[in-house]
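Here is the naming used below: chain letters follow the sequence lines, and residue numbers restart at 1 for every chain.
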Amino acid sequence: MRRGLAKALLLLVILALLPAAVGGAPSRTPSNVLVIGTSIQDIVSLDPAQAFEFRSTWVVEHIYDTLVEFSRDFSRALPGLATSWTASADLKTYTFRLRPGVRFHSGNSVDAQAVEFSLRRVMRLKLSPAFIITDFVKSPDDIVAVGTDQVRVTFNQAMPEILMASVLDNPVSSVVDPALVRRNAAAGDPEANKWVTENDAGSGPYVLRRWTRNAVVELVAFDSYWRGRPSMGRIFMQDLIEPAAQLLALQRGDIDVAMSLLPGQYRQLQNTPGFVVKQTPTFTLRYLAMNVGYEPFSSRQVRNAVKYAIDYDAIKRIYEDTIDVGQTIVPARMFAHLADRPYQRNLERARALMREAGREAGFRATLAVSTEVPLPDIAAKIKEDLAAINIQVDVQVLRAADVLGQYRGRTHHMVIARWGADYPDPDNLAKAFADFDSRVLAWRNQWDHPVKQIVKQAVQEADRVKREALYKEIQKVVLEEGPYAVFAYPLRLIAMRSNVKGVDPSPLAETFDLTSASKE
Amino acid sequence: MWAYIVRRLALASLAVAGVLVIVFFLSHIIPGDPVAAILGPQAPNDVIEDLRRRYGLDRPVPEQFYRFVARLVRGDLGDSLATHRPVIRDLREFLPATIELATAAILIGVLAGLSVGVISAVARGRPLDHAVRFLSLIGLSMPVFWLGLILLFIFYFKLNLVPGPGQLDIFLSRPPTVTGLITVDALLARDFATLWNALGHLLLPAVVLGSHALVGIARITRASMLEVLGQDYVKVARAKGLSERTVVLKHALRNGLLPIITVIGIYYGGLLEGAVLTETVFAWPGLGRYATSAILSQDFAAIMGVTILIALVFSLANLLVDLAYGFLNPKIRYE
Amino acid sequence: MNQAVAAPTTVAAQRAQRRRLISRALANPLSLAGLLIIGLLLLVALIAPWLSPYDPIQTNVPRRLEAPSGEHLFGTDQLGRDILSRILYGSRISLRIAVLTAVIATLLGAPLGLISGYFRGRVDDLLMRLTDMFMAFPRLILAMAIAAALSPTLENVIIAISLAAWPAYARLARSVTLGLREENFVEAARALGASPLRILGRHVAPGVISPVVIQVSLDMGGIILTAAGLGFIGFGAQPPTPEWGVMISEGRTYITDQWWVSTFPGIAISLFVMGFNLLGDGIRDILDPRLRSVRG
């Protein structure tokens with residue numbers, strides 16, 4: 001029996017030691033390769049006519065080119081595939097002259113027919129992002145190739161250059177290779193949407209080598225890119241959904257850049273030699289919304305009591321200082337931002353306001369929040385803060401689908417939500433937060449306030465100084481009377497090994513330009 | 001025998017149908033807004049309405065159910081809201097990774113479980129028995145996701161003995177798809193570097209996922225070994241002077257295998273439960289993650305697709321277990 | 001594994017068996033260890049308010065993420081709450097989940113199993129198909145779907161897990177009932193003209209209860225782990241409830257530097273589950289008739 005037992009024991013030992021036999025790979029990525037740890041679960045399609053999620057559009061931006069591009073400060077349009085353009089006097093019709101000699105990855109040349117084909121294709125397919133074009137262009141016939149090197153686009157309204165750029169710089173306006181689309185078209189799929197979803201039909205700085213769902217996207221530099229070959233020869237986006245695993249991979253050196261860590265993990269890396277955490281401001285807000293349709297919140301005093309009861313400093317700590325503090329609806333660094341911060345935790349003031357509203361006995365209210373870290377912690381803190389003024393909060397940590405279901409259905413009492421500017425102008429935020437008629441946030445919170453007239457006036461105002469004053473007035477009204485307690489302008493955080501350079505996201509984007517990235 | 005199989009299959013499809021009805025109505029009575037969630041908080045209302053119409057989600061629930069059944073009869077599971085493609089394609093893409101993981105897990109569970117079971121049966125009541133069982137129970141007592149993170153931290157991060165999360169190093173490309181299982185495909189392509197790497201990636205998640213099966217199998221092995229060891233023919237074998245090893249491995253274990261096989265089948269069917277958490281921690285592109293994200297984003301078609309698949313796999317596993325049981329033990333007859 | 005719990009037939013035999021069970025359980029080192037752990041946890045749950053040095057939900061943000069020290073034995077979490085106090089109070093939550101789930105699952109499963117086993121025929125077929133249906137579905141995924149359908153509160157988590165767990169008990173109750181209904185004392189009661197309700201209530205149910213209760217207690221570890229898994233994915237208890245699974249899940253952010261945030265709740269949950277598993281293994285040793293025949 002002894003021997004049998006010894007053998008069995010040996011088997012156990014071998015099983016336990018098996019990991020040791022399977023050696024680890026070298027833990028530094030090669031110098032011309034950039035490995036980005038992120039979650040690519042949201043990539044649904046790499047067809048420019050369909051890509052709408054932020055990592056899909058990130059990839060699309062690098063496989064395809066657009067006619068024009070935004071300048072870094074979003075103040076003007078820069079040449080892309082178009083070298084120059086002219087606008088008609090009414091700013092409705094633009095004529096673009098194309099860059100000569102540009103070729104698709106397939107070797108076909110990028111000409112006016114390709115541009116016409118691509119934009120019309122988006123309008124024919126009518127998928128999620130198509131509205132970006134169809135809101136401004138009435139019919140496919142309004143996009144016309146003139147000869148082989150000019151394209152004329154007729155919009156349905158006057159388009160200042162910025163607005164034109166926000167349509168034509170968008171990834172949905174990418175130019176696809178018509179020959180490849182036609183070759184891969186099928187009977188039920190004349191636009192080859194299925195093929196373009198998974199394959200490359202572009203002329204951009206990178207070529208799509210492969211996309212394995214929920215695993216990896218691999219991009220390879222396009223040698224004859226018209227701007228010159230980008231410095232990183234290969235780029236991998238590795239799917240690492242669990243933040244703790246992403247952190248371990250970054251520290252082990254298996255990835256160079258980590259995109260979706262949690263605030264605490266960024267903080268930890270900031271203090272670790274060999275790592276850099278890039279913080280960039282964003283045009284995004286985090287706020288607590290109170291539904292005016294829920295009786296207690298119909299009182300302005302109660303709403304302001306809530307704003308005075310919240311401990312903003314604690315929230316900043318919970319965010320590990322990865323936010324800018326601000327309380328107005330136009331984020332810092334955007335045109336017309338009002339820097340007022342009247343609310344600090346002040347329980348006496350808050351209790352007085354509750355008394356004024358006849359609510360000193362308090363009430364119950366629900367607070368819906370998604371599972372995104374650290375929102376449940378913030379909800380727990382706000383629950384505690386509001387208990388001090390007798391508001392009993394029932395925190396509901398829900399799936400994003402459920403939070404939005406409540407919010408859009410206007411059945412919430414309170415929610416914690418975010419808003420990111422769709423375009424870099426205060427009009428976007430004013431419309432959402434203060435204009436009941438545009439049926440966005442003011443509508444969801446049932447706050448119909450005369451300030452909406454100023455919103456409508458401000459967007460038409462041509463004088464920059466007057467316009468700024470109007471937006472500041474709107475912010476003040478919302479700050480003092482609105483149903484929102486804005487508590488953070490989150491920063492965009494990207495963690496990387498310190499040999500990675502040139503990662504420089506814009507305030508509007510979730511992502512960064514891969515062509516400027518390099519390694520030492 | 002065939003009548004039995006047909007009857008079992010009929011009963012199984014009845015069960016699957018019941019599960020479908022329940023899950024369909026369960027997932028549709030939730031007040032959430034999946035379309036809005038998928039398009040994000042800022043999508044314009046008309047875009048949301050449009051997508052909702054396209055997926056028929058603006059219809060009353062009974063009508064949606066009728067359409068779902070009508071499609072199902074034609075073998076169409078519908079399109080996933082989140083991935084915008086037919087659910088059947090998603091399942092085909094993600095199932096192999098889970099099968100690979102579950103198979104590796106059950107192999108580890110069986111090997112280690114049998115060893116633990118045999119050892120503790122032979123050493124019954126002695127300290128070695130208690131020690132081995134105690135150790136194996138530790139694995140069963142830790143939450144799967146926590147065990148996964150700890151093992152990742154120790155063996156990947158601190159000791160660098162295994163490759164990190166994921167199914168394969170990203171620098172390696174998948175071998176040409178034959179079966180969809182990376183290890184098998186690599187073997188078929190005689191690509192041993194890839195095979196080795198894939199095995200390395202498979203090890204930790206399989207250990208984590210297999211830990212529960214290990215304990216179950218160890219328990220049943222011990223019990224059935226103890227039973228067999230007390231039987232007359234084993235006593236006879238011993239009396240004949242056969243070595244203890246021969247007695248244990250040749251006579252006892254072989255005859256004790258019957259109940260063990262039953263348990264293996266049961267655990268294999270149930271591994272998907274553990275896969276949900278294991279796949280998240282180890283960035284494993286399998287069905288468990290697909291199921292989680294489908295439930296999280298209330299992606300109806302995907303939820304239904306996963307439901308059907310799991311229910312089928314589970315029912316089939318049960319049937320196979322029963323058949324294997326009868327095959328190994330001719331005393332059992334199927335009525 | 002249902003047959004692991006054999007059905008005693010008469011009340012007297014039951015009592016005797018129960019006594020034997022207890023004395024055997026105390027003699028078996030595994031189940032003794034399990035009993036000790038569970039006893040300790042029960043005690044902790046009972047006197048948590050007196051043991052806890054701090055309020056488990058009172059935040060103290062300036063002192064967040066402090067390492068274990070004399071002041072905070074297990075350190076503080078991301079909101080500056082005392083982890084020791086949260087774990088102590090958390091034992092109540094976990095016990096509540098385990099016990100309530102067990103009770104609900106038994107109350108659902110046992111009567112259905114009784115009816116199914118006693119009346120057999122159509123009723124039996126129907127009810128067993130129903131359990132097939134529920135068993136054809138992994139517990140965690142079914143619980144996820146149910147937890148998502150109801151709003152995610154602790155109560156609904158309990159309901160979700162119970163709904164996923166009852167079929168096993170229905171099966172067990174049925175198999176025990178099938179054996180009992182052929183027993184002489186049941187036959188006698190039937191011959192005397194007792195109504196089925198009375199027979200079930202007075203004669204059959206008592207015999208069914210104890211095996212089901214034992215089986216449930218064996219499953220408690222699994223129940224707690226399922227609840228923790230739900231918490232990890234985001235379907236768990238609502239903040240600031242100190243549920244252990246949610247605590248581990250929150251603490252994983254800090255796994256490399258502030259190890260104590262997830263490690264202590266992890267140890268707590270493992271210990272708790274371990275207690276039930278040890279006890280379960282011990283009881284299985286004692287009850288499994290095959291093992292007894294070896295001993296005998």
Interchain contact, B/Phe134 with chain C, by part (heavy-atom threshold 4.5 Å)
both
Please evaluate residues B/Trp146 and C/Leu225 with respect to the criterion side chain to side chain contact (heavy atoms under 4.5 Å, CB included), reporting the C-alpha separation (whole Å), side-chain torsions for both, the decisive distance (0.1 Å), and the verdict.
CA-CA 11 Å; B/Trp146 192 53; C/Leu225 288 181; over 6 Å; no
For a quick test of reading the model, state the closest non-hydrogen atom pair linking C/Ser270 to B/Met142 and the distance between them.
OG-CG, 3.3 Å
Who wins among C/Ala228, C/Gly266, C/Gly275 for the most heavy-atom pairs under 4.5 Å with chain B?
C/Gly266
Given heavy-atom pairs under 4.5 angstrom as the criterion, report whether the side chain, backbone, both or neither of C/Leu130 touches chain B.
neither
Matching residue for B/Ser141 among C/Ile224, C/Ile269, C/Val273, C/Leu271 - test: side-chain contact (heavy atoms from CB on, under 4.5 Å)
C/Val273
Which atoms of B/Ile303 approach chain C - backbone, side chain, both or neither, heavy atom under 4.5 Å:
neither
Please classify the contact of B/Val281 with chain C as side chain, backbone, both or neither, using a heavy-atom distance under 4.5 Å.
side chain
So CD1 of B/Ile150 and OG of C/Ser262: to nearest 0.5 Å the spacing works out to 7.0 Å
The reported gap from CG in C/Asn277 to CD1 in B/Ile138 (rounded to nearest 0.5 angstrom) is 11.0 Å
Sort out for me which of B/His130, B/Lys158, B/His212 touches chain C most, counting heavy-atom pairs under 4.5 Å.
B/His130
